[in-house]
Amino acid sequence: MKKVVIVILSFVVLIGVSSSAYAHPGRLEKNGGHNCSAKSKQKGLCTGYHYHKKKK
């Protein structure tokens with residue numbers, strides 16, 4: 001019983017402290033942005049240059 005509680009608490013803590021992942025299909029320049037690929041434009045995912053990171 002004690003092991004079950006420890007496993008559940010560990011899982012809750014792990015989920016609580018996990019961070020978000022921001023996916024993008026290429027490298028980012030120093031401002032945190034890049035141009036969309038032709039494939040992404042065809043899919044309607046983006047239209048041109050855009051940012052992935054917040055500007056400071």
Exactly one of Val13, Val12, Ile8, Ile6 clears side-chain contact (heavy atoms from CB on, under 4.5 Å) with Ser10, and that residue is Ile6
So OG of Ser37 and NZ of Lys43: to nearest 0.5 Å the spacing works out to 8.0 Å
* Asked: Does the His50 side chain pair with the main chain of Gly48, one donor and one acceptor, at a distance under 3.5 Å?
  -> yes
Separation between OG1 (Thr47) and CG (Asn35), nearest 0.5 Å, reads 10.0 Å
